[in-house]
Amino acid sequence: MAKLKWDHLVHYVNNLDKPVELFEEHGLAAFKGGAHKAWGTYNTLSYFGLTYIEFLGIENLELAKATEHNVVVRDAVKALPEHEILSRVVLRTDDIEEVAASLKLAGLSLSPIIDGRRLDHEGRLIEWRMLTIDGDFQGLVYPFIIQWSGNDEERLERLSASGVIRPHPSGHAEIVNAVFRVSNPAAAAEHWGELFQLPVIKSHSESATLKIGDKSFDFVQGDENQFKQVIIETDSTELQGKTLRIGEGEYVFV
């Protein structure tokens with residue numbers, strides 16, 4: 001299967017301004033992204049290299065309710081406004097058809113490959129292809145798969161030149177871990193590892209870790225069966241040791 005990288009993560013929120021304000025208070029760059037007009041959603045973004053945070057809100061509830069195939073939007077309708085949760089991680093590929101074929105062979109229920117598009121805050125059209133996975137493993141929802149046009153080097157250069165990827169005023173910061181609290185860490189890590197061809201580098205009854213490039217997904221013992229924390233490495237002494245909470249999600253700086 002095509003090699004997968006951690007592209008971004010989705011965090012459902014009711015008010016897109018709040019994460020921008022909170023991040024800016026702590027020297028982190030965040031900005032309004034744009035709207036997915038066909039799906040009734042819109043977002044705020046914060047980039048840490050090519051791996052970024054997408055705070056996703058509902059702009060048009062009727063459109064969001066009517067959206068077919070896209071489980072990310074359907075889950076947003078279910079969660080909001082009561083639960084501003086970390087929804088799921090997103091995996092990037094350069095061959096979405098190959099990934100789809102592999103996941104279908106594994107018996108998963110997949111959406112069609114969807115052509116996504118939105119306008120950014122300056123009116124530029126951004127396009128991608130994506131694939132969502134229905135269902136869950138012991139209560140933990142699956143990632144979704146995305147493919148962008150151009151390779152990583154081209155995208156990094158283009159996004160940096162346009163100011164989408166910008167330095168954080170507080171200093172260097174890099175997303176390094178996603179933490180999932182699950183009832184059976186070893187089983188969850190093994191299952192995701194097999195599906196997405198990611199190596200299990202640690203596995204105990206209380207925790208297990210998958211390696212994805214230079215980052216990792218950590219599964220730890222808990223009853224929520226949910227994505228709970230994002231771990232961010234930083235050289236900012238002001239941020240180190242802090243936890244920023246947005247709804248039910250936590251951003252932990254180390």
Side-chain angles (χ1 to χ4, degrees), residues 6-26 28-92 111-133 141 143-149 155 158-160 162-166 168 175 178 226-227 230 244-251:
W6 183 3
D7 189 72
H8 68 282
L9 62 100
V10 180
H11 188 162
Y12 298 143
V13 296
N14 292 312
N15 185 337
L16 294 184
D17 292 327
K18 287 187 175 180
V20 173
E21 293 166 1
L22 180 64
F23 272 33
E24 288 182 346
E25 283 173 17
H26 291 86
L28 298 165
F31 57 94
K32 287 284 186 68
H36 313 102
K37 291 299 184 183
W39 299 335
T41 57
Y42 55 171
N43 62 22
T44 281
L45 307 172
S46 183
Y47 275 80
F48 298 78
L50 283 178
T51 304
Y52 66 96
I53 301 166
E54 178 184 19
F55 296 103
L56 186 72
I58 296 173
E59 183 179 41
N60 184 319
L61 183 58
E62 292 309 308
L63 266 180
K65 284 181 177 179
T67 296
E68 293 184 309
H69 305 309
N70 191 334
V71 69
V72 182
V73 176
R74 295 205 307 266
D75 284 357
V77 172
K78 292 176 187 174
L80 296 174
E82 290 84 1
H83 300 289
E84 293 185 302
I85 57 172
L86 287 165
S87 165
R88 66 195 75 212
V89 291
V90 185
L91 308 182
R92 180 170 72 250
S111 74
I113 295 174
I114 303 165
D115 292 319
R117 57 182 56 86
R118 69 171 175 84
L119 296 176
D120 69 10
H121 64 291
E122 294 182 354
R124 292 173 297 209
L125 181 64
I126 298 171
E127 297 181 287
W128 64 92
R129 305 178 76 201
M130 64 181 284
L131 169 74
T132 63
I133 305 170
V141 298
F144 76 82
I145 311 299
I146 196 164
Q147 180 174 350
W148 301 96
S149 60
R155 287 188 62 243
R158 183 172 69 251
L159 293 173
S160 298
S162 67
V164 171
I165 295 178
R166 60 190 74 173
H168 293 286
I175 293 173
Q226 191 176 318
F227 183 15
V230 181
L244 303 184
R245 293 176 176 84
I246 297 174
E248 298 173 32
E250 296 183 340
Y251 296 86

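Basis for what follows: all heavy atoms, side chains included, without hydrogens, waters or symmetry-related copies. Numbers here are sequence positions counted from 1.
- Heavy-atom minimum distance, A30 versus E24: O-OE2, 3.7 Å.
- Here the shortest heavy-atom pairing between I85 and Q226 reads CG2-NE2, 3.3 Å.
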Tell me, with the steps shown, if F144 and V89 meet side chain to side chain contact (heavy atoms under 4.5 Å, CB included). CA-CA 7 Å; F144 76 82; V89 291; over 6 Å; no
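- Atom CG of residue L50 and atom CZ of residue R92 lie 5.0 Å apart, to the nearest 0.5 angstrom.
- Sorted by first and then second residue, the salt bridge (Lys or Arg N to Asp or Glu O under 4.0 Å) pairs involving residues 61-73 (not counting sequence neighbours) form an empty list.
- Y47 has its ring centre no less than 6.0 Å from the ring centre of H8.
- Checking Y251 against H26 by side-chain atom types alone, no donor-acceptor pair falls below 3.5 Å.
- Every residue two or more places apart in sequence or in another chain that forms a salt bridge (charged side-chain N to carboxylate O under 4.0 Å, His left out) with R129 is listed here: E97, D115.
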Residues D7, W128; criterion side chain to side chain contact (heavy atoms under 4.5 Å, CB included); working and verdict: CA-CA 12 Å; D7 189 72; W128 64 92; over 6 Å; no
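- Smallest separation of non-hydrogen atoms from V230 and I175: CG1-CG2, 4.0 Å.
- Considering CD1 of I146 and CG of L91, their distance stands at 10.5 Å, rounded to 0.5 Å.
- Nearest heavy atom pair, residue E84 against residue H11, reads O-NE2, 3.2 Å.
- Across every non-hydrogen atom of V71 and I133, the tightest pair is CG1-O, 3.9 Å.
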Between K37 and L63, is the side chain to side chain contact (heavy atoms under 4.5 Å, CB included) condition met? List the steps. CA-CA 8 Å; K37 291 299 184 183; L63 266 180; over 6 Å; no
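- N14 places a side-chain N or O within donor-acceptor distance of the main-chain N or O of P81, the cut-off being under 3.5 Å.
- Here the side chain of T44 pairs no donor or acceptor atom with the backbone of F55 at under 3.5 angstrom.
- With contacts defined as side-chain heavy-atom distances shorter than 4.5 Å, the pair L45/F31 qualifies.
- The closest donor-acceptor contact from the side chain of S46 to the backbone of I53 lies at 3.5 Å or more, if one exists at all.
- Listed for the T132 side chain is a donor-acceptor partner under 3.5 Å among the backbone atoms of H69.
- When the side-chain contact (heavy atoms from CB on, under 4.5 Å) test is applied to A76, the partners found at least two apart in sequence or on another chain are Y12, I58.
- T41 OG1 to E59 CD: the interatomic distance, rounded to the nearest 0.5 Å, is 8.0 Å.
- Residues P19 and I246 come closest through the heavy atom pair CB-CD1, 3.9 Å.
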